[in-house]
Amino acid sequence: MGLISATTILTSISLFHITLAFFFITRPATIADQGVVWLFGEAMGLPESRHFETQSPTAAFLGIVLGLWGLTDLVSLSMPEEIALIHHWGSQVPLRLTVSFFLTLYSFFFSASSPLYDSAGTSGGKFSHPTTSSGEYAAKDVAGDWGWGGDALKNRVFFTFMLVETFSWFWVLMTLKEEQEGILKRAKKMREKERKRLSL
């Protein structure tokens, strides 16, 4: 068994979502100005998004969704251990891990700084260090003309959030796999105790 239980990790992730919800509703610039967002953005060559500088209806909506997501995840942890960790989270964690992983890949590999595109003119060629000065992204950001909604996801805030989500859900998945046998044994003992008590 690991040092930190799956319940503790899931509680931390839920509280992280609730904290993000608070900042998306009150002051989204706090999230965009975080050092980890800047670090990953610069390292991956992802552009900044100006939409996080001020409050907006979109950020408030995102805050409400994240807040409800965090609250419902916390409530699910109040169920009996076998139901919550084996049945509920046993199906939720792989799904969330897969979605966050593919959104992380999309955010980087289909952005202007992706090593998949031959950008010999600005960044020195394929697989060289990406640059963050993306004029095309900035023009779309100012004009609000994305073509389709997925283009707006190619920024450093979204990439960092999805990367943290991917690592977190992978950690939960590995911890759940470690704890699964113990949870099932405890549940079996409880059922046997209950059966003996009822047979008396």
Side-chain angles (χ1 to χ4, degrees), residues 1-41 43-44 46 49 52 55-56 58-108 153 155-194:
M1 184 168 163
L3 291 173
I4 302 175
S5 69
T7 305
T8 304
I9 301 169
L10 288 166
T11 303
S12 300
I13 293 172
S14 300
L15 294 175
F16 171 67
H17 289 155
I18 292 169
T19 304
L20 280 179
F22 172 78
F23 284 113
F24 272 121
I25 292 170
T26 58
R27 193 165 179 270
T30 305
I31 297 165
D33 292 341
Q34 291 299 310
V36 70
V37 173
W38 181 85
L39 180 71
F40 282 127
M44 304 306 277
L46 293 166
S49 177
F52 292 106
Q55 292 175 334
S56 68
T58 309
F61 178 75
L62 176 61
I64 295 297
V65 170
L66 277 173
L68 288 173
W69 194 9
L71 285 174
T72 55
D73 289 350
L74 276 178
V75 169
S76 74
L77 293 172
S78 66
M79 294 187 290
E81 187 179 47
E82 181 185 8
I83 295 170
L85 294 179
I86 301 297
H87 300 291
H88 177 72
W89 287 109
S91 61
Q92 285 288 311
V93 171
L95 176 67
R96 293 184 189 196
L97 173 62
T98 304
V99 169
S100 60
F101 177 71
F102 282 112
L103 285 174
T104 303
L105 291 179
Y106 170 79
S107 181
F108 176 67
L153 302 177
N155 63 67
R156 55 182 61 184
V157 173
F158 183 75
F159 174 80
T160 303
F161 175 71
M162 283 295 115
L163 188 66
V164 169
E165 287 283 301
T166 302
F167 287 138
S168 300
W169 292 121
F170 182 73
W171 187 15
V172 173
L173 183 68
M174 293 297 103
T175 308
L176 277 177
K177 286 191 182 290
E178 284 180 14
E179 293 179 0
Q180 187 172 12
E181 188 178 337
I183 292 168
L184 291 173
K185 282 181 182 176
R186 285 193 298 274
K188 185 178 178 182
K189 284 181 184 177
M190 289 290 289
R191 281 193 294 270
E192 286 174 1
K193 280 183 185 178
E194 189 68 24

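What you see is a predicted model, and the numbers here were worked out from it, not measured in a lab.
- Checked by atom type and distance alone, the side chain of Thr166 pairs as donor or acceptor with a backbone atom of Met162 at under 3.5 Å.
- Note that CG of Leu10 and OG1 of Thr175 are 8.5 Å apart. Values are rounded to the nearest 0.5 Å.
- Side-chain N or O atoms of Arg156 include one that pairs as donor or acceptor with a backbone N or O of Leu46 at under 3.5 Å.
- In this view, Trp89 and Ser76 satisfy the side-chain hydrogen bond (donor to acceptor under 3.5 Å, both in side chains) rule, not counting sequence neighbours.
- Listed by chain and number, the residues in a side-chain hydrogen bond (donor to acceptor under 3.5 Å, both in side chains) with Thr30 are Arg27 (sequence neighbours excluded).
- For residues 87-100, the pairs satisfying salt bridge (charged side-chain N to carboxylate O under 4.0 Å, His left out) are Asp73-Arg96, with sequence neighbours left out.
- In this structure Gln55 satisfies the side chain to side chain contact (heavy atoms under 4.5 Å, CB included) test together with Pro28, sequence neighbours excluded.
- When atom types are taken as modelled, the side chain of Ser78 and the backbone of Val75 share a donor-acceptor pair closer than 3.5 angstrom.
- Side chains of Leu103 and Phe158 form a contact here, defined as non-hydrogen atoms less than 4.5 Å apart.
- Here the side chains of Ser168 and Ile9 are not in contact, with every heavy-atom distance at 4.5 Å or above.
- Looking at every heavy atom in both residues, Ala32 comes nearest to Val37 through O-CG1, 3.9 Å.
- Counting all heavy atoms, side chain and backbone alike, Met44 lies closest to Phe108 at O-CE1, 3.2 Å.
- Within the 4.5 Å cutoff, side-chain heavy atoms of Ile31 are placed close to those of Phe24.
- Put simply, the side chain of Val99 reaches to within 4.5 Å of the side chain of Leu95, judged on heavy atoms.
- Once rounded to the nearest 0.5 Å, the distance linking CZ of Phe102 with OG1 of Thr104 reads 10.5 Å.
- Among residues two or more places apart in sequence or in another chain, the side-chain hydrogen bond (donor to acceptor under 3.5 Å, both in side chains) test is passed with Glu82 by Arg191.
- The number of heavy-atom neighbours closer than 6.0 Å to CZ of Phe101, taken from other residues, nucleotides and ligands shown, is 12 or below.
- When all heavy atoms of Thr11 and Thr7 are compared, the pair lying nearest together is OG1-O, 2.7 Å.
- Not a single salt bridge (Lys or Arg N to Asp or Glu O under 4.0 Å) links Lys193 to another residue, sequence neighbours left out.
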Checklist entry - Going through the distances and angles, do Leu74 and Leu15 end up as a side chain to side chain contact (heavy atoms under 4.5 Å, CB included)? => result CA-CA 8 Å; Leu74 276 178; Leu15 294 175; 4.1 Å; yes
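- Take Met174 and apply the side chain to side chain contact (heavy atoms under 4.5 Å, CB included) test, not counting sequence neighbours, and it matches Phe170, Lys177.
- Atom-to-atom distance recorded for Leu184:CG and Glu81:CD is 9.5 Å, nearest 0.5 angstrom.
- Taking Glu192 as the reference, nothing meets the salt bridge (Lys or Arg N to Asp or Glu O under 4.0 Å) condition, with sequence neighbours excluded.
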Under 3.5 Å, side-chain donor or acceptor atoms of residues 63-71 against the rest of the protein: list the pairs with distances, not counting sequence neighbours.
none

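- Qualifying side-chain hydrogen bond (donor to acceptor under 3.5 Å, both in side chains) partners for Ser56, counting only residues two or more places apart in sequence or in other chains: none.
- With rounding to the nearest 0.5 angstrom, the CG atom of Leu153 is 11.5 Å from the CZ atom of Phe161.
- With sequence neighbours left out, the side chain to side chain contact (heavy atoms under 4.5 Å, CB included) criterion links Phe40 to Val36, Phe159, Thr160, Leu163.
- Atom CZ of residue Phe167 and atom CG of residue Leu97 lie 11.0 Å apart, to the nearest 0.5 angstrom.
- Atom CE of Met79 has more than 12 heavy atoms from other residues, nucleotides or ligands within 6.0 Å.
- Legend: residues meeting side chain to side chain contact (heavy atoms under 4.5 Å, CB included) with Leu39, ordered by chain and number and at least two apart, are absent.
- Listed here is the closest heavy atom pair of Leu85 and Leu176: O-CD2, 3.7 Å.
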